[in-house]
> 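Submitted below is the structure of interest, expressed as structure tokens.
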Amino acid sequence: MPTRFVQLFRARLSAALSFVEPTTNKRLGKCVGVYAFYDFDGEPIYVGQTTEDFGTRIGRHLRGQRSDAARVR
């Protein structure tokens with residue numbers, strides 16, 4: 001059973017990826033673009049860009065799966 005923190009994190013991530021932008025009517029999890037991860041102090045620790053769905057890319061980050069050239073080496 002995941003900890004309470006992990007449960008809350010998963011719920012918030014799911015809600016964010018399910019958010020529908022009213023002007024474009026697109027779900028965030030199916031969009032492409034630039035994203036950032038922040039530490040607990042609000043400082044950016046990683047900025048990335050994706051041409052695949054945010055949901056897919058963020059999921060790979062959280063599972064530790066890599067798709068870049070460094071993984072192949």
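Computation of the quantities below employed the complete heavy-atom set of this structure, encompassing side-chain atoms and omitting hydrogens, waters and symmetry-equivalent molecules. Numbers here are sequence positions counted from 1.
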> Under a 3.5 Å distance rule, please check whether R57 uses its side chain to pair with a backbone N or O of D53 as donor and acceptor.
no

> Which atom pair, heavy atoms only, marks the closest approach of L28 to F54?
O-CD1, 3.5 Å

> Determine whether Y38 and V34 fall in the same hydrophobic cluster, where Ile, Leu, Val, Met, Phe, Trp and Tyr are linked whenever their side-chain heavy atoms lie under 4.5 Å apart.
no

> Of all heavy-atom pairs between K26 and C31, which one has the smallest distance, and what is that distance?
CB-SG, 4.0 Å

> Are L13 and F37 connected in a single hydrophobic cluster, I mean Ile/Leu/Val/Met/Phe/Trp/Tyr linked by side-chain heavy atoms less than 4.5 Å apart?
yes

> Less than 4.5 Å apart, any side-chain heavy atom of F9 and any of T3?
no

> May I ask you to decide if R10's main-chain N or O and S14's side chain share a donor-acceptor pair within less than 3.5 Å?
no

> Is it true that L62 and V47 fall in one hydrophobic cluster, defined by side-chain heavy atoms closer than 4.5 Å?
no

> Salt bridge check, K30 against E21: does any charged N sit closer than 4.0 Å to a carboxylate O?
no

> Quick one: are D39 and Y46 in side-chain contact, heavy atoms under 4.5 Å?
no

> Are any non-hydrogen side-chain atoms of T50 and T56 less than 4.5 angstrom apart?
no

> Give, for atom CZ of R63 and atom CZ of R60, the distance between the pair rounded to the nearest 0.5 Å.
8.0 Å

> For this output row, return yes or no: ring centroids of H61 and Y35 closer than 6.0 angstrom.
yes

